[in-house]
Amino acid sequence: MRQQAKHITTHSQNNKFDAYILKTYWRMKLYRTPHEPLLITEVIDTGDSFSFTSISFDDYWNDVHVSLNNYIRELKISWFSYINSDFYNVEPYCNAYLRLINKLPFVKTLSQEQDKFILERALGFENFVFRKKGNASAFAAATTSFRNPVFLSLQQRGLRQQIQNVPSLLPLIVALDKGKSSLFYHYRKQRIIKNSDHSLLFFPTVELNRRSASFSGLEGLTQRLVDQWDSRVPQRARLLAKKVIVPLLDNMSNENNTLNILDIGSGAGHLTSSLITNIIQSGCLRDAKIELSLLDKLSVRCLKRFSSETFRAGISSIEYISDDYQKWLSNPLFRVKKYDFIFLFRVLHNLSEFKIGTHFKQHNSKAAEIIEQRRYIDFYHLSNYYKLMHFIFPNLSNAKAQHAQETPIFAPQRFFNPECLKVTNNESLIDKLTGIAHHLLIEDGDLGPMSLLKHMDEYGLHHIMVYDLSKNLKLSVNHIYCITQSDSGSPWPGAQIWPC
């Protein structure tokens, strides 16, 4: 693809800008740039600013096969009309894009290379990558809720109002990294302006061997773009404190007057600091103090999260451990320390696996527009969109054999990765952690009861008890488990599911 890139680089000239002003400035920069009739292809993170690379519509679609000219022309007209209408004239734009997508499975050029080129351009349309200055590969991708035609097609059909689990709306996207296509999965939606639904959607890489670098880069973005990734942190912290931890502490006697807590995958400390603040404010600690250990492989600055007066009043020490949890537990020099609680909050699903799969609908079926499948939702009108991903990334295929008189519906699938529950010497993570803690609390989006019980059975962990708190806490997406080696009659708000 011949590309004449337009570079837009801006640097802060005033070092006295506080963090809030800078974050607002760069969010607005990312917001205003898509108002131009250009396609952002890349955002370079220089460490203290961002550089944007964009390209014209014609340059982006240059060299596409002649058989698609009418479809590209229709998309161009509707795309310009949509942008110039201040993002109002959405229906012709979405329809033109979907007509192109639905045409592509039947287009055959003279070479597989040309076929792939066309598919990559179609699926990467309106998506862009984030790259750190000097790095060869992008660490993540992004798109906007107000220009991505797939996301907008869901709004057009009223599905965004029905479905609150935003990652299930646009689970996977393709983005072009220096002309090469890569696959990314939905991680966070970040609203750009208050009282507006215009948002940035962030996507780490699907490739497991690059996942850590993805999260490291995205964590760095929080320092210059957003205050926190998850706006539900206060709600989650209150739920965990009020319904799970505080009732238990009210029934515990602590002779050492110390509560030892290890948080694995603590990140920037958003949830940990909020949760512990709720625990302290409840008064359940009485005269006890918390000794807090934070374990994370990312080098993040989280000290400011623990600087409030309330927090300091209930903490006697904070220990930082920079390591991968699986390697840390397998280290022969591992210093055994007994914890009252170990938190493993939304860490395991960061290593989940992704596939493009199929299910079938009879030709004469009057099936509903959407059906539930695993964690994601299948949208029939996007079947060809994911079918094209299946062509580009055949290694991610989980398609079933097609039967006569049936039409395959292609859709993304997300699977829990059972390797997450093992440490590097193939021992059980659950067994290791419950050996050094009275109570292990796990919150995860992909670790369902069947996956957890399969692990417990595989390792013969009949001396360990597992309580599923999800239903009692009225959770619809995440699962919460308490795992312990001793039956202390604790008031867990859930059912014991292991031993069966």
Side-chain angles (χ1 to χ4, degrees), residues 23-24 26-43 50 52 54 57 60 75 78-98 101 122-130 140-176 183-204 218 221-222 224-232 369-370 376-377 379 381-382 385-386 389 412 477:
K23 288 177 182 178
T24 303
W26 286 115
R27 278 203 305 271
M28 291 307 298
K29 185 66 180 175
L30 270 174
Y31 178 60
R32 292 307 308 173
T33 302
H35 282 67
E36 303 176 40
L38 294 168
L39 292 162
I40 298 177
T41 58
E42 185 177 66
V43 178
F50 296 98
F52 302 82
S54 59
F57 184 98
Y60 183 85
L75 177 61
S78 61
W79 179 77
F80 270 101
S81 174
Y82 175 64
I83 295 173
N84 292 332
S85 69
D86 199 22
F87 310 122
Y88 178 76
N89 199 16
V90 64
E91 185 172 353
Y93 170 45
C94 291
N95 290 344
Y97 178 78
L98 290 176
I101 292 297
L123 295 184
F125 184 65
E126 284 292 356
N127 305 328
F128 55 93
V129 296
F130 278 97
T143 190
T144 62
S145 66
F146 53 95
R147 276 190 45 166
N148 185 286
V150 177
F151 199 76
L152 288 169
S153 75
L154 301 168
Q155 175 177 296
Q156 180 190 350
R157 288 164 169 75
L159 297 172
R160 286 185 60 191
Q161 288 71 36
Q162 298 176 29
I163 301 165
Q164 300 302 312
N165 182 24
V166 175
S168 70
L169 294 173
L170 188 59
L172 299 174
I173 66 169
V174 173
L176 300 180
L183 198 60
F184 301 84
Y185 74 96
H186 191 127
Y187 177 56
R188 289 285 186 266
K189 171 187 170 188
Q190 176 64 42
R191 185 170 294 175
I192 303 173
I193 302 176
K194 289 183 179 180
N195 303 320
S196 167
D197 197 35
H198 286 187
S199 305
L200 289 168
L201 311 178
F202 293 90
F203 296 75
L218 287 169
L221 290 182
T222 64
R224 291 177 300 285
L225 281 178
V226 299
D227 291 319
Q228 60 184 37
W229 284 115
D230 190 353
S231 60
R232 297 165 298 175
E369 167 120 50
I370 57 176
Y376 291 148
I377 297 172
F379 301 99
H381 77 285
L382 296 179
Y385 176 77
Y386 292 109
M389 282 189 191
V477 178

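Keep in mind that what you see is a predicted model, and the values were worked out from it rather than measured.
Between H198 and F146, the two ring planes are parallel [angle under 30°; tilted spans 30° to 60°]. Between F52 and F50, the ring-plane angle classifies as tilted under the 30° and 60° cut-offs.
Interatomic distance, F202 CZ to K189 NZ, rounded to the nearest 0.5 Å: 12.5 Å. Atom CD in E91 sits 9.0 Å away from atom CZ in R157 (nearest 0.5 Å). Summarising the geometry, atom SG belonging to C94 is positioned 12.0 Å from atom CD1 belonging to I101; distances are rounded to the nearest 0.5 Å. With rounding to the nearest 0.5 angstrom, the CD atom of Q190 is 11.5 Å from the CG atom of L218. The CZ atom of F125 sits 9.0 Å away from atom CG of N148, with the distance rounded to the nearest 0.5 Å. To the nearest 0.5 Å, atom CZ of residue F379 and atom OH of residue Y385 are 12.0 Å apart.
Looking at every heavy atom in both residues, F151 comes nearest to L170 through CD1-CB, 4.0 Å. Residue Y88 comes nearest to S85 through the heavy atom pair N-OG, 3.1 Å, listed as atom of the first residue, atom of the second, then distance. Between A175 and N127 the shortest heavy-atom distance is CB-CB, 4.3 Å. Closest non-hydrogen pair, P34 versus I40, comes out as CG-CD1, 4.0 Å. L154 approaches L169 most closely through the heavy-atom pair CD1-O, 3.1 Å.
Two residues are said to be in side-chain contact when any heavy atoms from C-beta on lie closer than 4.5 Å; L176 and Y60 meet this criterion. Considering only heavy atoms from C-beta on, Q156 comes within 4.5 Å of N95 through its side chain. Between T41 and V129 there is no side-chain heavy-atom pair separated by less than 4.5 Å. Within the 4.5 Å cutoff, the side chain of P171 has heavy atoms near those of the Y386 side chain. Using a 4.5 Å heavy-atom threshold, the side chains of P149 and L98 count as separate. A heavy-atom distance below 4.5 Å is found between the side chains of S153 and H381. Under the 4.5 Å side-chain criterion, counting only non-hydrogen atoms from C-beta, F128 is not in contact with L39. No side-chain heavy atom of L183 sits under 4.5 Å from any side-chain heavy atom of F203.
Screening V174, I173, L172, T143 against F184 for a side chain to side chain contact (heavy atoms under 4.5 Å, CB included) leaves a single residue, I173.
Aromatic ring centres of Y82 and Y93 lie closer together than 6.0 Å.
Checking side-chain atoms of S81 against main-chain N and O of S78 turns up no donor-acceptor pair under 3.5 Å.
Shown here are the side chain to side chain contact (heavy atoms under 4.5 Å, CB included) partners of I83, two or more places apart in sequence or in another chain: W79, F87, R147.
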Going through the distances and angles, do L201 and T144 end up as a side-chain contact (heavy atoms from CB on, under 4.5 Å)?
-> CA-CA 6 Å; L201 311 178; T144 62; over 6 Å; no
